[in-house]
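Before any comments, here is the structure.
All of these numbers come straight from a predicted model, not from anything done at the bench.
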Amino acid sequence: MSQPRQNRALVIVNTDFCSSDGDVVLGTRRGAKREAEKLSKVLSRLNYEVKLMHNKTAKEIEDLYQQECCCEHRDYFVSIISSHGEEGHIFGSDSEPVKLTRIFQILSSEKCLVLSKIPKIFFIQACRGGELDQGVVVECDSGEPEPEREPDCFSHYLSIPPQTAVMFACSPGYGAFLNISGSMFLQALLRVLEGEERHLDLNRLMTRINWEVAFCCQARGTYEGCKEMPCFVTNLLEEVFPFSA
């Protein structure tokens with residue numbers, strides 16, 4: 001008797017980087033590997049068939065998503081990407097950029113029929129720029145207000161395909177923090193998936209992660225006290241409960 005199909009998850013974690021000539025141009029991401037392994041185990045317990053991939057080049061990353069178009073899927077596809085990045089890109093282990101639009105395009109209904117009606121959910125742990133979030137004082141009743149910043153705008157690549165939701169570790173233009181214990185963002189995701197919040201609709205679950213990172217996390221070491229604000233964009237057409245196994 002054949003086994004029932006499972007939801008699928010693709011977890012890509014890059015920790016070591018070098019260029020085509022062998023030079024190390026991006027720093028080692030300590031703590032990211034163990035974090036990804038923990039998330040993979042949790043997803044497995046939630047009825048996902050998990051493919052965990054370490055240190056993949058830009059071309060290999062694209063190929064991994066192409067392979068998903070040839071697989072049988074059940075109700076959901078989840079992908080977690082943990083790497084260095086900048087606005088609109090993540091980096092392969094060869095230090096070459098991968099456009100997020102390219103990944104979304106590979107899995108779009110025009111290119112990937114098997115995933116056309118299946119919700120595709122991305123969690124992306126990567127910097128989106130070099131600015132640091134110093135946080136804000138809440139309920140302050142004295143002092144002059146800070147000058148207003150130009151509002152961040154969503155970049156063009158956030159025009160994501162239908163039936164897709166993307167959650168980023170940080171806001172556009174800002175850095176995402178990682179230390180040997182893991183990242184603020186994926187540690188918050190891990191706590192939510194291990195708790196009762198996993199039964200929530202995806203929008204509420206992502207909002208819960210925002211709250212966790214905003215109020216319960218801050219950077220340590222060199223960037224002591226700095227904060228991080230995840231954000232998400234969704235093109236889903238209905239409530240979904242991807243982790244309520």
- Closest contact, heavy atoms only, M53 versus L64: CG-CD1, 3.7 Å

- Would you check if P242 and L202 make a side-chain contact, meaning some heavy-atom pair closer than 4.5 Å? yes

- Task: Ignoring hydrogens and angles, tell me if any N or O in the side chain of N210 forms a donor-acceptor pair with the backbone of M229 under 3.5 Å.
- Result: no

- Task: Name all residues meeting the side-chain hydrogen bond (donor to acceptor under 3.5 Å, both in side chains) criterion together with E37; count only those two or more places apart in sequence or in a different chain, and write none if there are none.
- Result: none

- CD/E49 to CZ/R8 distance, rounded to the nearest 0.5 angstrom? 4.5 Å

- Message: If the condition is side chain to side chain contact (heavy atoms under 4.5 Å, CB included), which residues does K41 pass it with, not counting sequence neighbours?
- Response: R45

- Task: Can you measure from CD1 (I103) to CD (Q66) and round to the nearest 0.5 angstrom?
- Result: 11.0 Å

- Partners passing side-chain hydrogen bond (donor to acceptor under 3.5 Å, both in side chains) against S93 (at least two apart in sequence or in another chain): none

- Task: With rounding to the nearest 0.5 Å, note down the distance linking NE2 in H54 to CG in D16.
- Result: 11.0 Å

- Between F168 and Y174, does a side chain to side chain contact (heavy atoms under 4.5 Å, CB included) hold up when you go through it step by step? CA-CA 11 Å; F168 298 91; Y174 285 87; over 6 Å; no

- Message: Count I, L, V, M, F, W, Y as connected when their side-chain heavy atoms are under 4.5 Å apart, and connections chain through other members. Are L100 and V98 then in the same cluster?
- Response: yes

- Query: Should C69 and I106 be marked as a side chain to side chain contact (heavy atoms under 4.5 Å, CB included) after you check the CA-CA gap, both sets of side-chain angles, and the distance that decides it?
  - Reply: CA-CA 8 Å; C69 298; I106 290 170; 4.3 Å; yes

- Is a side-chain N or O of D201 found less than 3.5 angstrom from the main chain of V240, in a donor-acceptor match? yes

- For R208, all residues meeting salt bridge (charged side-chain N to carboxylate O under 4.0 Å, His left out), sequence neighbours excluded: E197, E212

- Contact summary for A165 and M206, nearest pair of heavy atoms: CB-CE, 4.2 Å

- Close side-chain approach of P161 and L107, heavy atoms under 4.5 Å: no

- Measure the shortest side-chain to side-chain distance between L10 and Y65 over non-hydrogen atoms and say whether it is less than 4.5 angstrom. yes

- Message: Looking only at side-chain N and O atoms, does S183 offer a donor or acceptor that is under 3.5 Å from a partner on E35?
- Response: yes

- Short question: side chain of T164, backbone of P162 - any donor-acceptor pair under 3.5 Å? yes

- Is the shortest heavy-atom distance from the side chain of L237 to the side chain of Q163 under 4.5 Å? yes

- Do you know which two heavy atoms are closest between V233 and I160, and how far apart they sit? O-CD1, 4.0 Å

- Task: Check G173 against E87 and note the closest heavy-atom contact, atom names and distance.
- Result: N-OE1, 4.0 Å

- Note on the structure: In short, A169 meets A126 closest at the heavy-atom pair CB-N, 4.3 Å

- Specify the closest pair of heavy atoms between Y48 and Y76, including all atoms of both residues, with the distance to one decimal. OH-CB, 3.5 Å

- Message: For F122, give me all partners under ring-ring contact (aromatic ring centres under 6.0 Å, His included), at least two apart in sequence or on another chain.
- Response: F104

- Tell me, with the steps shown, if N14 and I90 meet side chain to side chain contact (heavy atoms under 4.5 Å, CB included). CA-CA 10 Å; N14 286 342; I90 55 98; 5.6 Å; no

- Query: Hey, is NZ on K51 packed in by over 12 heavy atoms from elsewhere, all under 6.0 Å?
  - Reply: yes

- side chain to side chain contact (heavy atoms under 4.5 Å, CB included) against A36, all qualifying residues, sequence neighbours excluded: V11, V13, L52

- Taken to the nearest 0.5 Å, the spacing of H73 NE2 from N7 CG works out to 10.0 Å

- Message: Please check: side-chain N/O of T28 versus main-chain N/O of R30, any donor-acceptor pairing under 3.5 Å?
- Response: no

- Query: How about I124 and F185: do any of their side-chain heavy atoms sit closer than 4.5 Å?
  - Reply: no

- Message: Would a single hydrophobic cluster contain both L178 and I80, if residues Ile, Leu, Val, Met, Phe, Trp and Tyr are joined by side-chain heavy-atom contacts under 4.5 Å?
- Response: no

- Task: Carefully, step by step, assess C231 and R128 under the rule side chain to side chain contact (heavy atoms under 4.5 Å, CB included).
- Result: CA-CA 12 Å; C231 60; R128 302 177 69 188; 3.4 Å; yes

- Task: Check for a donor-acceptor pair, side chain of K99 on one end and backbone N or O of P97 on the other, with a separation under 3.5 Å.
- Result: no

- CD of E68 to CG of D63: how many Å apart, nearest 0.5 Å? 12.0 Å

- Task: Give, for atom NZ of K33 and atom OG1 of T15, the distance between the pair rounded to the nearest 0.5 Å.
- Result: 7.0 Å

- Parallel, tilted or perpendicular, as decided by the 30° and 60° cut-offs, for the rings of F123 and F243: tilted

- Task: Evaluate the side-chain proximity of Q187 to S181: yes if any heavy-atom separation is below 4.5 Å, no if none is.
- Result: no

